[in-house]
Amino acid sequence: MLFEDLFLEKADLQKFQMFRVLKAIGNHSLTINDISDKLHLSYQQTYNTFQDLLRDMRSLDTQLDTPVDRHELLSQQTFKISLDRYRLFLLEQSLVFQFIDYLVQAPTPTVNDFCEQHFVSKSTLLRKSAGLKRFMAQYSLRFSYTDLQITGNESHIRYFLFIVYWTGFHGIKWPWQNFSAADIERIFTTANPQPTAPIFKLQQLLLLGIMRLRINHGYYIRDATCFNILTDHNSAFDELVFPTELFGNLATKNRHNEAKFFFFAQFSLITAVTGSQTQAQLVLTHFAAEDDPIWRLTVNFLAKLTATFHTKITPADEPILTYDVLRVLLTTIALQTRYPKMLDFYRPDLTNFKSTQLYQIIAQFFEQPGLTETLPQLYRNRQTVSEYVCYLLQPQLHHLEDQQMVHVWLIAENNDLLTTELQRLLKHIRIAQLMTPPARPQDADLIISTIDSQAPLMQEMAAYGVPLLHWNLEANGSDFFRLYAKIKTLYAAKMTTK
């Protein structure tokens with residue numbers, strides 16, 4: 001939850017954490033004690049935080065003004081507001097976010113002007129934004145207070161802003177004041193009428209909005225040669241039209257640079273489930289035809305995975321996986337240093353990933369000496385590349401690491417609708433594997449049984465030291481979710497075991 005830590009003050013962060021607990025699946029009705037245990041707060045702190053949260057909820061949902069039973073009040077069904085909407089509500093009241101937003105949108109921002117508008121001293125502003133300042137430093141981004149701006153690589157600045165505004169606003173509302181999303185969409189789609197997935201369109205418009213703001217305030221992409229690795233000889237880039245109306249009177253060179261950045265950033269930053277197969281295929285076809293060092297490295301990397309996991313992993317068989325690998329490699333080569341990624345805002349600690357077999361294989365692959373000559377940018381950033389590639393591939397490849405699967409021994413009837421649903425769920429959880437003879441229950445990671453845990457059979461099973469889970473034949477949706485959460489916890493524990 002690092003994103004919220006960066007922007008929200010302690011009281012607001014506690015409210016958001018409490019709201020997350022209340023909105024969690026399975027939390028139908030909680031007590032103040034339940035919540036205080038989950039948040040590690042005292043009863044009084046929890047009660048006060050809940051009252052503050054309730055005031056926020058009532059300002060967002062007028063239906064909560066009607067009297068509600070106490071037990072019903074501490075239930076997820078009572079709060080109709082989504083986590084995204086509440087995050088945005090708190091974000092827009094955050095001094096740190098207001099500072100970023102002012103800095104980005106004001107035509108001539110100054111620290112004094114911001115402090116006067118928000119009735120804070122400069123020292124208070126500096127103190128409250130210190131955490132964000134430290135976080136940005138990893139990308140060599142800094143605040144300049146004399147001539148108020150973010151300094152650093154312009155591509156990094158735009159990537160940072162895209163992640164902040166996409167995470168914070170998430171399609172709920174348009175963040176920019178001086179032009180509308182409808183205007184941007186009309187101008188761009190008139191020139192580029194190709195249909196796109198809805199979530200892709202939302203991200204595309206946000207990116208165009210950031211670019212328009214930066215350009216309007218005089219911040220350009222001065223050198224776009226780093227993006228040639230994707231744009232050269234690429235028919236999709238040649239077909240891209242950047243209307244004059246979108247970015248005003250840009251010089252031809254600047255317009256071409258901005259077009260290159262946009263095309264590359266779309267590939268690097270924007271993702272959508274719908275249409276991703278088509279997008280991936282276009283990119284893979286282009287690179288396969290170019291057959292450059294990056295493509296050959298990617299194919300060799302997949303061949304390494306194939307040999308290690310004894311399964312077929314090729315661009316033809318796994319286009320999305322190949323596309324993800326290419327995105328990481330190309331972005332690292334183009335931006336050359338550590339660049340902002342969504343992962344950084346949510347998973348700063350990758351210890352679990354580093355202890356997996358997959359990470360060791362990836363790290364070893366990118367240690368090969370030949371990279372120092374063919375792709376030195378990758379070699380210099382090999383640790384970051386290995387971490388990110390592992391993070392992206394783990395969900396797709398964990399089913400190949402048999403020793404890290406959660407092996408489940410099921411003791412249940414086989415003619416009941418609910419046990420059939422249970423088996424179906426276990427078959428579709430890719431990190432779980434149902435065991436069958438000659439496997440033995442004592443070798444399982446989890447034993448699920450419809451027999452009560454106090455019955456003699458289960459008491460016998462308890463001697464194996466394997467976690468036991470009693471499955472109720474009247475299980476509901478919450479039970480299924482708790483089982484999934486249990487399997488995820490066991491899987492995370494196995495990942496840390498070398």
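Excluded from the calculations below are hydrogen atoms, water molecules and symmetry mates; all remaining heavy atoms, backbone and side chain alike, are included.
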Participant: With no hydrogens and no angle check, is any side-chain donor or acceptor of D113 less than 3.5 Å from a backbone partner on P109?
Facilitator: no

Participant: Does the gap between the ring centers of F99 and F114 come in under 6.0 Å?
Facilitator: yes

Participant: Checking the side chain of T124 only, and the main-chain atoms of V120 only, is there a donor and an acceptor separated by less than 3.5 Å?
Facilitator: no

Participant: Under 6.0 Å between ring centres, would you say that holds for Y165 and W176?
Facilitator: yes

Participant: Quick one: does any side-chain atom of Q98 pair with a main-chain N or O of H118 as donor and acceptor, under 3.5 Å?
Facilitator: no

Participant: At their closest point, which heavy atom of H156 faces which heavy atom of R338, and how far apart are they?
Facilitator: CE1-O, 3.4 Å

Participant: Would you kindly say whether Q279 and Y323 are connected by a side-chain donor-acceptor distance under 3.5 Å?
Facilitator: yes

Participant: Distance to the ring centre below 6.0 angstrom and angle to the axis at most 45 degrees; does that hold for K341 and Y159?
Facilitator: no

Participant: Nearest heavy-atom pair of S386 and I362: which atoms, and what distance?
Facilitator: CA-CG2, 3.7 Å

Participant: For a quick test of reading the model, state the closest non-hydrogen atom pair linking I210 to L161 and the distance between them.
Facilitator: CD1-C, 3.8 Å

Participant: One pair to check against ring-ring contact (aromatic ring centres under 6.0 Å, His included): F3 and F7. What are the steps and the verdict?
Facilitator: CA-CA 7 Å; F3 180 85; F7 291 101; 5.2 Å; yes

Participant: Do other residues, nucleotides or ligands put more than 12 heavy atoms under 6.0 Å from the OH atom of Y145?
Facilitator: yes

Participant: Would you give the length of the straight line joining atom CZ of R482 to atom OG1 of T489, rounded to the nearest 0.5 angstrom?
Facilitator: 13.0 Å

Participant: Rounded at 0.5 Å granularity, tell me how far CD in E185 sits from CG in L208.
Facilitator: 10.5 Å

Participant: Let me see the working for S180 and D183 under side chain to side chain donor-acceptor pair (under 3.5 Å), right down to the final yes or no.
Facilitator: CA-CA 5 Å; S180 69; D183 285 343; 3.3 Å; yes

Participant: For the pair F135 and Y139, name the ring-plane relationship: parallel under 30°, tilted 30 to 60°, perpendicular over 60°.
Facilitator: perpendicular

Participant: Is W166 close to L207 at the side-chain level, that is, under 4.5 Å between some pair of heavy atoms?
Facilitator: no

Participant: Under 4.0 Å between a side-chain nitrogen and a carboxylate oxygen: does that hold for R212 and E258?
Facilitator: no

Participant: Verify, without hydrogens or angle tests, whether S268 (side chain) and F264 (backbone) share a donor-acceptor contact under 3.5 angstrom.
Facilitator: no

Participant: Counting neighbours of OH on Y379 that are heavy atoms of other residues, nucleotides or ligands and sit closer than 6.0 Å, is the number greater than 12?
Facilitator: yes

Participant: Taking the side chain as every heavy atom from C-beta outward, state whether F16 and V21 have any pair of such atoms under 4.5 Å apart.
Facilitator: no

Participant: What pair of heavy atoms forms the shortest contact from T46 to S36, and how long is it?
Facilitator: OG1-CB, 3.0 Å

Participant: Do M57 and I81 have side chains that approach each other closer than 4.5 Å (heavy atoms only, starting at C-beta)?
Facilitator: yes

Participant: Given L126 and K122, is the side chain to side chain contact (heavy atoms under 4.5 Å, CB included) satisfied, shown in steps?
Facilitator: CA-CA 6 Å; L126 295 179; K122 183 177 178 181; 4.2 Å; yes

Participant: For R85, look at atom CZ and say whether over 12 heavy atoms of other residues, nucleotides or ligands are found less than 6.0 Å away.
Facilitator: no

Participant: Around atom NZ of K486, are there more than 12 heavy atoms from other residues, nucleotides or ligands closer than 6.0 Å?
Facilitator: no

Participant: Using atom types as modelled and distance alone, determine if a side-chain donor or acceptor of S59 lies under 3.5 Å from a backbone N or O of D56.
Facilitator: yes

Participant: So, for A191 and P243, which heavy atoms are closest and what is the spacing to 0.1 Å?
Facilitator: CB-CG, 3.7 Å

Participant: The test is side chain to side chain contact (heavy atoms under 4.5 Å, CB included); show your working for Q14 and L53 and say whether it passes.
Facilitator: CA-CA 9 Å; Q14 286 180 344; L53 171 62; over 6 Å; no

Participant: Would you say the side chain of T332 lies within less than 4.5 Å of the side chain of Y388, judging by non-hydrogen atoms?
Facilitator: no

Participant: Any side-chain heavy-atom pair from V111 and T146 closer than 4.5 angstrom?
Facilitator: no

Participant: Is the backbone N or O of E290 less than 3.5 Å from a side-chain atom of H233, with the two atoms forming a donor-acceptor pair by type?
Facilitator: no

Participant: Quick one: pull up CZ in F237 and CZ in F227 and give me the separation to the nearest 0.5 Å.
Facilitator: 10.5 Å

Participant: For D84 and S82, which I'm curious about, is there any donor-acceptor pair between the side chains at under 3.5 Å?
Facilitator: no

Participant: Suppose we call two aromatic rings close when their centres sit under 6.0 Å apart. Are Y339 and F160 close by that rule?
Facilitator: no

Participant: Quick check on N249: does its CG atom have over 12 non-hydrogen neighbours (other residues, nucleotides or ligands) under 6.0 Å away?
Facilitator: no

Participant: Is it the case that the ring center of F188 lies less than 6.0 angstrom away from the ring center of F262?
Facilitator: yes

Participant: Determine whether N48 and Q44 satisfy the following criterion, side chain to side chain donor-acceptor pair (under 3.5 Å), listing intermediate values before the conclusion.
Facilitator: CA-CA 6 Å; N48 293 341; Q44 191 61 50; 3.0 Å; yes

Participant: For the residue pair T244 and R255, establish whether any side-chain heavy-atom pair is separated by less than 4.5 Å.
Facilitator: yes

Participant: Using atom types as modelled and distance alone, determine if a side-chain donor or acceptor of Q45 lies under 3.5 Å from a backbone N or O of S42.
Facilitator: yes

Participant: Could you measure the distance from the CG atom of L335 to the CG atom of N381? Nearest 0.5 Å is fine.
Facilitator: 10.0 Å

Participant: Go through N257 and D223 one step at a time and tell me if the side chain to side chain contact (heavy atoms under 4.5 Å, CB included) criterion holds.
Facilitator: CA-CA 7 Å; N257 286 347; D223 183 1; 6.0 Å; no

Participant: Going by atom types alone, do N228 and K260 pair a side-chain donor with an acceptor below 3.5 Å?
Facilitator: yes

Participant: For L148 and Y102, which heavy atoms make the closest approach, and how far apart are they?
Facilitator: CD2-CE2, 4.0 Å

Participant: Name the one of R127, K15, K128 that satisfies salt bridge (charged side-chain N to carboxylate O under 4.0 Å, His left out) with E9?
Facilitator: K128

Participant: What verdict does the side chain to side chain contact (heavy atoms under 4.5 Å, CB included) test give for T322 and D317, after you've listed the backbone C-alpha separation in whole Å, the side-chain angles of each residue and the deciding distance to 0.1 Å?
Facilitator: CA-CA 9 Å; T322 309; D317 297 306; over 6 Å; no

Participant: Under the criterion side chain to side chain contact (heavy atoms under 4.5 Å, CB included), which of L39, L8, T49, L41 is the partner of Q17?
Facilitator: L39

Participant: Taking the six-membered ring for Trp, are the ring centroids of F19 and F50 within less than 6.0 Å of each other?
Facilitator: no

Participant: For residues Y491 and I429, determine if any side-chain heavy atom of one lies less than 4.5 Å from a side-chain heavy atom of the other.
Facilitator: no

Participant: Short question: side chain of D12, backbone of L90 - any donor-acceptor pair under 3.5 Å?
Facilitator: no

Participant: Does R214 come within less than 4.0 Å of E154, counting only side-chain N to carboxylate O?
Facilitator: yes

Participant: Would you compute the distance between atom CZ of R382 and atom CG of L375 and round it to the nearest 0.5 angstrom?
Facilitator: 13.5 Å

Participant: Relative to each other, are the rings of F247 and F242 parallel, tilted or perpendicular (30° and 60° limits)?
Facilitator: tilted

Participant: May I ask you to decide if L392's main-chain N or O and D324's side chain share a donor-acceptor pair within less than 3.5 Å?
Facilitator: no

Participant: With a 4.0 Å cut-off, would you call K173 and E92 a salt bridge?
Facilitator: yes

Participant: Using atom types as modelled and distance alone, determine if a side-chain donor or acceptor of Q93 lies under 3.5 Å from a backbone N or O of F89.
Facilitator: yes

Participant: Any heavy-atom pair between the side chains of F345 and L6 that's under 4.5 Å?
Facilitator: yes

